Structures are given as C-alpha cells and as structure tokens.
Participant: 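Please see the structure below; I have some questions.
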Amino acid sequence: MSPTSTYRIQFTPDFTFADAEAVVDYLDALGVGALYASPLLEAVPGSTHGYDVVDPTRAREELGGEAGRQALGKALRQAGLGLVVDIVPNHMAVEDGPVNPWWWDVLQHGEESRYARYFDVDWSSGKLLLPFAGSPEDEREHENYVSAFWRRGNTELNYRRFFDITTLAAVRVEDPEVFEATHGEVLRWVAAGDVTGLRVDHPDGLADPGGYVRRLRDRAGCWLVVEKILGPDEALPASWPADGTTGYDALREVCGLFVDPAGEPGYTALARELGVATDFAAVEHECRNLVTDTILRAEVRRIAALVDHPDREAAALAVARVMAAFPVYRSYLPEGRDAWDAAVRSAAGPGADPAAVRALDEQVRADPRGELATRLQQTSGMVVAKGTEDTAFYRYTRFVALNEVGGAPDRFGMSPDEFHERAAAREAGSPAAMTALSTHDTKRSEDVRARLAVLAEIPDEFAGAVRRWTAAHPIDEPALNLLAWQSLVGAWPITAERMAGYLDKAAKESKIRTTWVDHDEPFEAAVAAWPDEVLSGPVAADVAAFVDRVEAHGWSNALGQKLVQLTAPGVPDVYQGTELWDLSLVDPDNRRPVDYAVRRDLLDAIADGLLPPVDATGAAKLLVVHKALRLRRERPELFRGYRPLPASGPGAAHAVAFERTGLVAVATRLPVGLAAAGGWRDTELPLPPGTWTDVLTARPARARLGDLLDHYPVALLVRGDQ
C-alpha cells in the first residue's frame, strides 16, 4: 500500500536515527504519511549521503546502528507513519583497503575470492586495476591487483563503476546469490514491518532493470518506486511492476506550468548577445561525445571489444556514438526498440564507420539479452547523465530554471492543457508514483526555480540588469557568467561562501575552462573571488533591489507549484526543510542542516489558528503543506480522479485549477502579467455543485477569483463546511 505522502530526510553522522526519532512527532503533526530515508546501510565513514555503501548486511553504525534503527522504527509505528528506505543496488564503495570487507577479500584472493563474481570485473584483462595512486611514482603491484596512477582509470579501468567515480564499483545483482547478499538485510526489515516502502537508486545501471524490479517486487511486496529518469515523452516500461518513478517527470510538469513561454525569445536573444550557446541539441550532442571520448573511455573500449568487427577503433567509435545519440537514458531491449533504432540512425551519420555501426546494430538486435546489448544499455544511461545533466546543463544556461534532472531546457514552459493531460494520465496509469519538486539531486530547489520562473515574465528587465551587472563584474566564461547572475537572483540572499562553492562546482561540471581533474588555477581563483567582489560592492544593492521587485511573485509561484504537487495525482514527497522557503542550490548546498525548532514553533502557531501572511518567514508555505498533507492522510478518498476546471473571464489564463473527488485545487500562474492586467477583475472559477470551503482559510469559497484568492494566491477547497 502506498503512503499518502513522504518526507525525505538525509541521514548523516550529524543527523542520526536518534535525531530523526526526535522529529517524528513533528512529522506526524505536519501530516506526513511516511518518513523517506536516504540509504541506511553501512557506508564509508563520514559519508553525508549514504550512497557509498560498504557493507549491506547491517545498519550504519554512525547513524546509531541496529538499535537506533529499531528505535526509530518503533517511534514511526507508534505514530502511524511508514518508513520508505532508499536502496542502492548498482554499486558499492571500494578503496585500496579493508573498509569494504567483500572488496578487500577480492583484493586478497583475486578471481578465487568467494566475492569475485559479486563485482563486475573483467578478469580476462589481468590483475584488477585500482586507479587510486596519487602519482606514477606511487604505483604498486600486488599479487591480485595494481595500485595505479589515478589518471589511468578513465582509459584502463577493468571493473564497471558508477558513472566516472572509480571508488564506486558496480555490483552484479542480476546474479541471484548477489541479490540475496546485498538485499537480505533490508528485506528482513520489510518482512518485520519496519519498512513499508523502497526507493531504488539508479536502476538504469543494472544489467536487467526489469528483471530486478520483478524480483524485488516478489520479495518485498511493498510500495516500490524507481529512480528512473524519463524523457519528456517517455513512459516507464510496462513490464516493470513498480508503482512509478521518484517524480522527476512530475517536477518538470509542475514547474513548467509556472514558466511563461512568451519569455523564450528574450532569453535566447540575451544568451546570443553574451556568447552563450542557444542550440540545446548541439550542446547536448557535443557534451555526450566529450563524455564517451574522455571520462568513460574505458567503458567504451570494454564494450567495443565485444563487437564482431575487425577494426577495434571503428567499433569503439560506433559504440560511443550510439550511446551519445540515445533519445532517452537507455533502451530496455527487446522492449523499447524505438529508442535503440533512433540512436543507431543518428550514429550512422558523419564521423562513424557505417559498417561498424551496422555490425553493432545487427549483433545487438540478434541477441538483445546478450553481453554486448546489456553492457551498452547499462552504459548509455551514464553517458546521458554525465553528458546532459552534469555537463550540458552547465553550458546551456539560457534559462536555468529549466535545467533540471529530467528536464527539457529546450521546452520553455508547459501549457495548462498539456499539464492537465499529463496529470490525468498519471492518475490513470500510475496513481501511486512519487512526485517531487526538490530532491537531494536537483540542481536547485523548488523555491529557487519558482523565483526564476518570474524572470520568464520580464525578460527585457532581467536582460538589462545582467548587462549592468556583467559590465561591473564579468566572469570570463559566458555560460558561467549567465548562470551566476541567475543563480544569485534565485538564491538571494546568499553568502559569498555558498555562492563560491556553487560556482566552483558549476565551472568544473561544464568542463569549458576547467574540470575536476585538469585545473585552470587562475580561472578558478577568479571565480572563487567573484562572489565576495559582487556582494561587497555597489552591484549588491542593485541585485537586492531587483530581488525585492520579484520576490513576492516568486512566493506566489512557490505556493502554486507546491499546492499543485501536493494535490495532483501521485504520492507527493516533501524534501527536508522545504515546508518553509528553501533557497538551496545543488548538493552539497541542499544537505545543510534543517532547523526543526523554527518549524515546530510555526506549526504550533498554525495549529492554534494563525493565518500567516505571505512573507519572508515562509509560514504561508508551511500552512499549505500542513493542510494538504493532513487532508491527504485523513481523507484519502478525496484524492481520486482528475478533471480540469477552466476559469472564465479576463484573467482565466492566470488560473490553473482541477477537481478530484470532492476536492478542488486552485493556483495562480504568471503573477506579473496578472498584476499588469489589473488583477483578476471579473474572472470566475465555475465550481461544481454544492457548497465549498477553503481549507487554508476556513472560509466559504466563492466563484470570483478576486474574492477566493484575496488572502493567498492558492486555494484548497473541499465540499461542505469542514
């Protein structure tokens, strides 16, 4: 059974099982259905995220170990809340040492280790190559492995890894013994009733994602969602018995609803003027090719060795170009042939050897479950993620509110009609899928995107500001310069330290002037100095004044998208702390500690009847989250079905509303344009028959939107007087 909602908590050595247990009463009062936990198994000491598991057979000691886990589970059960756990089947953390006992056994015994087949190692290539040495002089040869210079990893690595992270070695969960060994402990928690749902990390890296999901469903039998990043028009494979994805598809739809498509020409013109690329397809193609030709070169060569073609370099190029050309993250042959065929057609263009591409295609189609097809599909998701999310999204900075995991930066906003169509499809096909607005992996928080969405309505004004600011404090790389000003406005107020950390990561991810491994030290120093120069100079006052003009409209967008997410089809997740305004940027910025004391006090005041204003405290957002979550938990029968409710009158385009079963959600969109047109005026929302009450204000609902939305830019209506 799916939870009514989830609340994501990032466990760290500084936020343990005991700390989570201490906020269970707050989560219960907020209205949460289940605590959604980051990975809880034993991880690398000091890890702040938990995706670097080293021992899947026990709860993480730094979080409180088994006793702490059981105490948290008991507290959640007593409060009537579920527990959803994030699991990591694709990889484990490894090093040249004993921190991971299975890997250490492999290093000691080589291919004779009982764990040798647990990891995806190419034993035919000789000794295991560990690219962890700091210099060529530090290289050491051992009986079963070589401690090699780290730069050899991208070209000579002989074990599969997670993306380009050599300290995360891939695990062969397609082997039943390995599945049982890696999942036994978590499945024990499920069987005991301590865990009520599972979130699967990165299924695209698995040899057989569909088979894995089917096995996990059979063994666990609980709510199951997968971190499958869907393309804009892609559906989850029909053969997967999962309840749905982790919600990046919903994120794109909800956020797009609040972006004005009319702003696209202005931002394209600004980007061109500043020297920023404006052809997303070309940028994406270039970045994916960069990834296959450099950081994933070892993976490409391993796959090419399986191709029945005499020219190894031609085969490698064919493999690289096919993976770079995928219209989605990966195909799932023999299902989904369209994606494979599209990639092959694109790769057969200039540059690649047509005979090598043809040989690759014929061999894959002849044996779609064979090693070549499997490895190529496992790796294509890595190419897309590293090339698109982690490179192109930092180069194509025309309008960065769209540059999100699962996003489509070349699709400028989403019409209400398209949103309604997709929401209705989710209700019909995957009503228990997770929906999200902020996650531990988003490039920027939901409230940053909400404020940036305002800029889509004022492209000329923002362009003028960027010209002034750039003249005073330019960053000598156009894409990063445009990203920096958008990020500064979106996350304002922000410290120089946080901004410097963000820009350092952005500069290295873009791989234009500097990278994580090949540094341009003078450029990095200039980027590091930029935030303090801006924030301590006269431009800071101009930025602050600009933010003052858009802030209230950003709050309106933030409340609108939150209400839509919480009431639309799916199981909504609230990322830790985002029940108040949260202006975080990409990790690790979004893993900063959450002040639950402030949230408790505000929630207590709301429970006592406070109707907070929409202001900098964020209490109005807490009100919306609290009322919607409590309603979902206490009256789940209201959250069924889906029907658009179109408004009529001069401001109709600025309202988005839908009805479920005895519930109506109403939100304001494009608030700048609404205000410029004189407000709602005679716009009305024809309500279904009966009397309706706004749960947020406890007032009777009226059809005139000027009356209904005079206190908040959103309304949550239920039939009757309760």
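Keep in mind that this is a model prediction, so the values were computed, not measured.
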Participant: Using side-chain heavy atoms (C-beta onward) and a distance below 4.5 Å, is D243 in contact with S430?
Facilitator: no

Participant: Check side chain to side chain donor-acceptor pair (under 3.5 Å) between D587 and all other residues, then give those that pass, not counting sequence neighbours.
Facilitator: K505

Participant: Which heavy-atom pair separates R660 from E427 by the least distance, and what is that distance?
Facilitator: NH2-OE1, 2.8 Å

Participant: Would the distance check show the side chain of T442 and the main-chain N or O of S438 forming a donor-acceptor pair, the cut-off being under 3.5 Å?
Facilitator: no

Participant: For the residue pair R288 and V384, what are the closest heavy atoms and their distance?
Facilitator: NH2-CG1, 3.5 Å

Participant: Using modelled atom types only, decide if a donor and an acceptor are shared between the side chain of T4 and the backbone of R632 within a distance under 3.5 Å.
Facilitator: no

Participant: Can you check whether A401's main-chain N or O pairs, donor with acceptor, with R444's side chain at less than 3.5 Å?
Facilitator: no

Participant: Could you walk me through whether D194 and R77 satisfy the side-chain contact (heavy atoms from CB on, under 4.5 Å) test, starting with their C-alpha distance in whole Å, then the side-chain angles of each, then the deciding distance to 0.1 Å, before giving a yes or no?
Facilitator: CA-CA 8 Å; D194 294 338; R77 286 194 303 274; 2.4 Å; yes

Participant: Quick one: NE2 on H553 to CG on L674, what's the gap to the nearest 0.5 Å?
Facilitator: 9.0 Å

Participant: Given D417 and S415, is the side chain to side chain donor-acceptor pair (under 3.5 Å) satisfied, shown in steps?
Facilitator: CA-CA 5 Å; D417 286 345; S415 71; 5.4 Å; no

Participant: Show the numbers, then the answer: is there a side-chain contact (heavy atoms from CB on, under 4.5 Å) between F399 and E264?
Facilitator: CA-CA 8 Å; F399 187 71; E264 182 170 15; over 6 Å; no

Participant: Can you name the residues that form a ring pair (Phe, Tyr, Trp, His ring centres under 6.0 Å) with Y575, not counting sequence neighbours?
Facilitator: none

Participant: Going by side chain to side chain contact (heavy atoms under 4.5 Å, CB included), name the residues that satisfy it together with A325, two or more places apart in sequence or in a different chain.
Facilitator: A343, S346

Participant: Taking the side chain from T683 and the backbone from G651, do they hold a donor-acceptor pair closer than 3.5 Å?
Facilitator: yes

Participant: To the closest 0.5 Å, what do you measure between CG (L27) and CG (L76)?
Facilitator: 8.0 Å

Participant: Among residues at least two apart in sequence or on other chains, which ones pass salt bridge (charged side-chain N to carboxylate O under 4.0 Å, His left out) with D694?
Facilitator: none

Participant: With heavy-atom distances below 4.5 Å as the criterion, would you say the side chains of L623 and P612 are in contact?
Facilitator: yes

Participant: Using a 4.5 Å cut-off on heavy atoms from C-beta on, say whether the side chain of E404 contacts that of C255.
Facilitator: no

Participant: Please name the pair of heavy atoms, one in N557 and one in P671, separated by the smallest distance, quoted to 0.1 Å.
Facilitator: OD1-CD, 3.3 Å

Participant: When the side chains of residues 219-226 are checked against the rest of the protein, which donor-acceptor pairs come out under 3.5 Å, sequence neighbours left out?
Facilitator:
from : atom 1 : to   : atom 2 : distance (Å)
R219 : NH1    : E180 : OE1    : 2.7
R219 : NH1    : E180 : OE2    : 2.4
W223 : NE1    : A432 : O      : 2.9

Participant: D589 and K443: salt bridge (Lys or Arg N to Asp or Glu O under 4.0 Å), yes or no, with the steps?
Facilitator: CA-CA 10 Å; D589 194 58; K443 303 298 184 185; over 6 Å; no

Participant: What residues, two or more places apart in sequence or in another chain, satisfy ring pair (Phe, Tyr, Trp, His ring centres under 6.0 Å) together with F163?
Facilitator: H202

Participant: Closest heavy-atom contact between K228 and R330?
Facilitator: NZ-N, 4.3 Å

Participant: Please confirm whether the backbone N or O of D707 pairs with a side-chain atom of R702, one donor and one acceptor, at under 3.5 Å?
Facilitator: no

Participant: May I ask you to check whether R398 and Y396 show a side-chain donor-acceptor distance below 3.5 Å?
Facilitator: yes

Participant: Between T693 (side chain) and R699 (backbone), is there a donor-acceptor pair under 3.5 Å?
Facilitator: no

Participant: Is it true that, when you exclude R369 itself, more than 12 heavy atoms of the residues, nucleotides or ligands shown sit nearer than 6.0 Å to its CZ?
Facilitator: no

Participant: Which pairs count as side-chain hydrogen bond (donor to acceptor under 3.5 Å, both in side chains) when at least one residue sits in residues 24-39, sequence neighbours excluded?
Facilitator: R8-Y36, D25-R600, Y26-E579, D28-R633, Y36-R199

Participant: Within this structure, what is the CG-NE2 distance for the pair L611 and H711, rounded to the nearest 0.5 Å?
Facilitator: 5.0 Å

Participant: Do other residues, nucleotides or ligands put more than 12 heavy atoms under 6.0 Å from E421 CD?
Facilitator: no

Participant: Given 3.5 Å as the limit, does a donor-acceptor pair link the side chain of R451 with the main chain of A558, or not?
Facilitator: no

Participant: Heavy-atom distance under 4.5 Å between the side chains of V614 and P713, does that happen here?
Facilitator: yes

Participant: Any donor and acceptor pair, going by atom type alone, linking the side chain of S331 with main-chain N or O of A339 inside 3.5 Å?
Facilitator: no

Participant: Spell out, as yes or no, whether a donor-acceptor pair under 3.5 Å connects the side chain of W581 to the backbone of D615.
Facilitator: yes

Participant: Taking side chain to side chain contact (heavy atoms under 4.5 Å, CB included) as the test, write out the residues that go with D338, two or more places apart.
Facilitator: none

Participant: Which heavy atom in Y267 sits nearest to a heavy atom in L455, and how many Å separate them?
Facilitator: OH-O, 2.6 Å

Participant: If we check side chain to side chain contact (heavy atoms under 4.5 Å, CB included) with E253, which of these qualifies: H420, R426, E418?
Facilitator: R426

Participant: Go through the side-chain N and O atoms of D447 and S445 and say whether any donor and acceptor fall under 3.5 Å apart.
Facilitator: no

Participant: Checking side-chain contact (heavy atoms from CB on, under 4.5 Å) for the pair R449/L251: CA distance, chi angles, key distance, verdict?
Facilitator: CA-CA 11 Å; R449 290 195 304 273; L251 184 156; 3.7 Å; yes

Participant: Indicate yes or no: does R669 engage D260 in a salt bridge with an N to O separation below 4.0 Å.
Facilitator: no

Participant: State which residues pass side chain to side chain donor-acceptor pair (under 3.5 Å) with K562; sequence neighbours excluded, sorted by chain then number.
Facilitator: E446, Q565

Participant: With side-chain contact (heavy atoms from CB on, under 4.5 Å) as the test, would you mind laying out the steps for F326 and V383 before giving the verdict?
Facilitator: CA-CA 9 Å; F326 265 85; V383 172; over 6 Å; no

Participant: To the nearest 0.5 Å, what is the distance between CG on L187 and CD1 on I87?
Facilitator: 7.5 Å

Participant: Going by side chain to side chain donor-acceptor pair (under 3.5 Å), name the residues that satisfy it together with Q378, two or more places apart in sequence or in a different chain.
Facilitator: none

Participant: Using 0.5 Å steps for rounding, measure from the CD1 atom of I606 to the NZ atom of K627.
Facilitator: 8.0 Å

Participant: Where is the tightest heavy-atom contact between L663 and F639, given as atom of each residue plus distance?
Facilitator: CD1-CZ, 3.5 Å

Participant: Return the CD to CG distance between Q561 and L437, rounded to the nearest 0.5 Å.
Facilitator: 5.0 Å

Participant: Taking the inter-plane angle between the rings of F179 and Y212 on a 0 to 90° scale, is it parallel (under 30°), tilted (30 to 60°) or perpendicular (over 60°)?
Facilitator: perpendicular

Participant: Parallel, tilted or perpendicular for W680 and H654, by the 30°/60° rule?
Facilitator: perpendicular

Participant: State which residues pass side chain to side chain donor-acceptor pair (under 3.5 Å) with T439; sequence neighbours excluded, sorted by chain then number.
Facilitator: Y248

Participant: For A342, enumerate each residue passing the side chain to side chain contact (heavy atoms under 4.5 Å, CB included) test, keeping only those at least two apart in sequence or located in another chain.
Facilitator: P327, R345

Participant: Check for a donor-acceptor pair, side chain of E174 on one end and backbone N or O of D208 on the other, with a separation under 3.5 Å.
Facilitator: no

